[in-house]
Amino acid sequence: MSLDNIYRTEYCGHVTEKLVNKNVRVAGWIENIRDHGGVTFMDLRDQTGNVQIVIHDFKLIKNISKESTVTVTGEVILRTEENINPKLKTGLVEIKCEDIKLLGKCSSMLPFEITNSIETKEELRLKYRFLDLRNKKMHDNIIFRSEILNFLRNKMHDLGFTEIQTPLLSASSPEGARDYLIPSRKHPGKFYALPQAPQIFKQILMVSGFDRYFQIAPCFRDEDSRADRSPGEFYQLDFEISFATQEDVFKISEELLYETFSKFSDKQVSSAPFARITYEQSMLDYGTDKPDLRNPLKIVDISEIFENSGFAAFENKTVRAITVPECNSQPRKFFDKMQDFATEIGMQGLGYIKINENFEFAGPINKFIPDDKRELLISKCNIVKNSVVYFIADKSKNTAAKFAGQIRTELAKRLDLIDNNKFEFCFIVDFPMYELDEETGKVIFTHNPFSMPQGGLESLKNKNPLDILAYQYDLVCNGIELSSGAVRNHDPEIMLKAFEIAGYTEQDIINKFGALYNSFKFGAPPHAGMAPGLDRMIMLLLDQENIREVIAFPMNSNAQDVMLGSPSEVSEQQLREIHIKIKN
């Protein structure tokens, strides 16, 4: 074998028994050095895996430390029987070292052990992300991400979509989150905005005659961090279809998501068609618009049972109930912890009744249930022997729904009711077009302002705005919102009226997104689309609880890049160039 390459002739993970008795050259990072008295073993790592190096002359590795990069030349030999490692692809062989050259010395003390980096405090991991990414699990996460993107891109091309890149320097528009603003040097006092999504551009592409558009799109939103949301930026598979209905979008996304999750996971994936659940029904049955359908518990509205009960805690309030089968035998500690959880989320208390095997009722709420309503309670709540019924009440319908949803989720967690071997998809449809702003009491858009109202112009003119539904939909998987989408508003007259209801004038529309409004006057096709979140998809497929584990260089939960030190201060000269003055 020729050793012309000065760094390597083989990758570490490709050195197998097929190369026994051959000379090879490998390069990588030293993961471990073990001195066995007269013979030294070294584990060398590159992206493909590890290979063991046997060194008989210790002078070859004198002053070479762990995590340095080296190139090693030597003969591939079989390991002795007692040294075989069946866990490694290269576990049957090792390289008998003839020469080592130091390429990049690790001259600083390691802040953590690479093999244990994921157990280190996150802030330290992010500061030394280049080391954290050497950890095999983290490294594999990023490679897996690449494989997903490659599959999705090829699939979109197969489905007839054209990949088009849209600008990152854009204009601010009302899309629900804070913009990241960039001051203009050439136009004092004016600002660009990083796009929260390619919304306006992709709609204009439809007007431009492109039938099917997609891109792996970066999106920028100044939002607070969550376990499933990285602050600053995220990526989504953005796609739009001309002359399309809601069902056309659903069929594409069902094929795309089913094939992706089936290919890259061994878990059971719900097959098409995915469940369609209205927003109203989802809030009633699950207490959220992001339901986890793996959870078998359902919420029931029983407000009517307590209308004239005389029980002040429930009377004339929204009352929801959750029946939990086979829960009667839980110890007192279980019920106490559920009470503690209810208090933690802001509830005044959590009522319940227990039903034993003789169908006898007991518990703190039992005496307040009207005798003439017990049969109705049993039928509505589907009460069975050895079950427990939890009660959630509040003056606000929305608050009662939210609390019930949180109790439902907590019960499932504590009772281990979630089947973690499934991916359960559903579409949430028929979102309200408008809602009342909690602070101002004004009518505002609930979701995407560019959505088509159900009933078109007629409903905008004649209906109470809070009763108008939109052709808006979310795709949810295992309780996580993977995507939002809509049938778009492509009619200028409908657009004017829709924004007028939310307090915008025609001049506001022209100022905020005049290009889109103007383009609709030149023959716009009906169009629809959605944008599954790639980070969240990968997070689900890899069973990660935190989205930062699947992003190469994420910011921390406080929206800081602790590795590069951003956000950072800039010089006075830079500020002057963009016409900005910082006030103390």
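Looking at heavy atoms from C-beta onward, Ile551 lies in side-chain contact with Arg145 at the 4.5 angstrom threshold. Between Ile30 and Asp43, every side-chain heavy-atom pair lies at or beyond the 4.5 Å cut-off. No side-chain heavy atom of Phe41 sits under 4.5 Å from any side-chain heavy atom of Ile53. Between Asn478 and Arg294, some side-chain heavy-atom pair lies under the 4.5 Å cut-off. In this structure, the side chains of Ile95 and Val24 come closer than 4.5 Å at one or more pairs of heavy atoms. By the 4.5 Å heavy-atom criterion applied to side chains, Ser172 and Phe191 are not counted as neighbours. Two residues are said to be in side-chain contact when any heavy atoms from C-beta on lie closer than 4.5 Å; Leu575 and Ser571 fail this criterion. Proximity of Leu415 to Cys327: side-chain heavy atoms (C-beta onward) are separated by under 4.5 Å at one or more points.
In this structure a side-chain-to-backbone donor-acceptor pair under 3.5 Å is present from Lys105 to Asn63. In terms of modelled atom types and a separation under 3.5 Å, the side chain of Ser208 and the main chain of Phe210 share no donor-acceptor contact. The main-chain N or O of Leu541 is never found under 3.5 Å from a side-chain atom of Ser265 such that the two would form a donor-acceptor pair. Asn154 places a side-chain N or O within donor-acceptor distance of the main-chain N or O of Asn150, the cut-off being under 3.5 Å. Of the possible polar contacts, none joining the Asp224 side chain to the Pro231 backbone as a donor-acceptor pair under 3.5 Å is found. The main-chain N or O of Cys106 is found under 3.5 Å from a side-chain atom of Ser68 such that the two form a donor-acceptor pair. No donor-acceptor pair under 3.5 Å is formed between the side chain of Arg8 and the backbone N or O of Thr71. Side chain of Arg276 to main chain of Val429: no donor-acceptor pair is present (N/O by atom type, distance under 3.5 Å, no hydrogens or angles). Here the side chain of Thr120 pairs no donor or acceptor atom with the backbone of Phe112 at under 3.5 angstrom. Of the possible donor and acceptor atoms, none in the side chain of Asp179 sits under 3.5 Å from a partner among the backbone N and O of Leu181.
Looking at Lys290 and Asp474, no side-chain N of the basic residue comes within less than 4.0 Å of a carboxylate O on the acidic one, giving no salt bridge. Under the 4.0 Å criterion applied to side-chain N and carboxylate O atoms, Arg129 and Asp132 are assigned as salt-bridge partners. A salt bridge links Glu67 with Arg45: at least one charged nitrogen is closer than 4.0 Å to a carboxylate oxygen. A salt bridge does not link Arg178 with Glu223: every distance from a Lys NZ or Arg NE/NH1/NH2 to an Asp or Glu carboxylate oxygen is 4.0 Å or more. With salt bridges taken as basic N to acidic carboxylate O contacts below 4.0 Å, one links Arg125 and Glu549. Using a 4.0 Å cut-off between charged nitrogen and carboxylate oxygen, Lys22 and Glu75 do not count as a salt-bridge pair. A salt bridge links Glu163 with Arg153: the distance from a Lys NZ or Arg NE/NH1/NH2 to an Asp or Glu carboxylate oxygen falls below 4.0 Å. Between Glu247 and Lys251 no salt bridge is recorded (no basic side-chain N to carboxylate O distance below 4.0 Å). Of the charged side-chain nitrogens involved, none lies within less than 4.0 Å of a carboxylate oxygen, so that Asp248 and Arg212 do not count as a salt-bridged pair.
Ring geometry for Phe250 versus Phe427: interplanar angle under 30°, hence parallel rather than tilted (30 to 60°).
To the nearest 0.5 angstrom, Asn135 atom CG is 8.0 Å from Asn116 atom CG. Of the inter-residue distances, the one linking Phe553 atom CZ with Ile142 atom CD1 reads 8.5 Å to the nearest 0.5 angstrom. Rounding to the nearest 0.5 Å places CG of Asp561 at 10.0 Å from OG of Ser568. Atoms CE and CG, from Met555 and Asn558 in turn, are 10.0 Å apart once rounded to the nearest 0.5 Å. Rounding to the nearest 0.5 angstrom, the gap separating the NZ atom in Lys59 from the CD1 atom in Ile100 is 13.5 Å. The line from NE2 of His447 to OH of Tyr473 is 11.0 Å long, rounded to the nearest 0.5 Å.
A donor-acceptor contact closer than 3.5 angstrom is absent between the side chains of Asn556 and Glu122. For the residue pair Ser225 and Arg548, a side-chain donor N or O sits within less than 3.5 Å of a side-chain acceptor on the partner. Using modelled atom types, one finds no donor on one side chain facing an acceptor on the other under 3.5 Å when comparing Thr9 with Arg25. Under 3.5 Å, the side chains of Gln199 and Asn448 contain a donor-acceptor pair of N or O atoms. Judged by distance alone, the side chains of Gln52 and Arg34 do bring a donor and an acceptor atom under 3.5 Å apart. Using modelled atom types and a 3.5 Å distance limit, the side chains of Glu326 and Ser329 yield no donor-acceptor pair. A donor-acceptor pair shorter than 3.5 Å can be found between the side chains of Glu577 and Gln573. Side-chain atoms of Ser262 and Glu259 include no donor-acceptor pair closer than 3.5 Å. Side-chain atoms of Asp289 and Ser282 form no donor-acceptor pair, as typed in the model, at a separation below 3.5 Å. The closest side-chain donor-acceptor pair between Gln268 and Asn421, if any, does not fall under 3.5 angstrom. Side-chain atoms of Thr166 and Gln215 include a donor-acceptor pair closer than 3.5 Å.
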> Please walk me through it: do Leu19 and Glu10 pass side chain to side chain contact (heavy atoms under 4.5 Å, CB included)?
Replying inline: CA-CA 10 Å; Leu19 297 174; Glu10 303 289 343; 3.8 Å; yes
Would Gln196 and Cys219 count as a side chain to side chain contact (heavy atoms under 4.5 Å, CB included) here? Give the steps. CA-CA 5 Å; Gln196 293 186 29; Cys219 304; 5.9 Å; no
If you apply the rule side chain to side chain contact (heavy atoms under 4.5 Å, CB included), what do you find for Asn141 with Leu133, and how did you get there?
CA-CA 9 Å; Asn141 283 356; Leu133 290 173; over 6 Å; no
Could you check Gln406 against Thr409 for side-chain hydrogen bond (donor to acceptor under 3.5 Å, both in side chains), going step by step and ending with a plain yes or no?
-> CA-CA 5 Å; Gln406 290 173 291; Thr409 299; over 6 Å; no
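The side chain to side chain donor-acceptor pair (under 3.5 Å) with Gln47 is formed by just one residue from the set His139, Arg134, Lys136; it is His139. The only option from Asp292, Asn295, Ile277 that meets the side-chain contact (heavy atoms from CB on, under 4.5 Å) definition with Tyr286 turns out to be Ile277.
Environment of CZ in Arg185: sparse, with no more than 12 heavy atoms of neighbouring residues, nucleotides or ligands closer than 6.0 Å.
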Can you list, pair by pair, the side-chain donor-acceptor contacts under 3.5 Å of residues 334-342, counting residues two or more places apart and other chains?
residue : atom : partner : partner atom : Å
Asp336  : OD1  : Arg332  : NE           : 3.0
Gln339  : OE1  : Leu350  : N            : 3.2
Gln339  : NE2  : Leu350  : O            : 2.6

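Ring centroid separation for the pair Phe161 and Phe239 comes in under the 6.0 Å cut-off.
Partners of Leu168 under the side chain to side chain contact (heavy atoms under 4.5 Å, CB included) rule, at least two apart in sequence or in another chain, are Pro195, Pro218, Phe220. Every side chain to side chain contact (heavy atoms under 4.5 Å, CB included) that Ser270 has, sequence neighbours left out, goes to Phe274, Glu424, Phe425.
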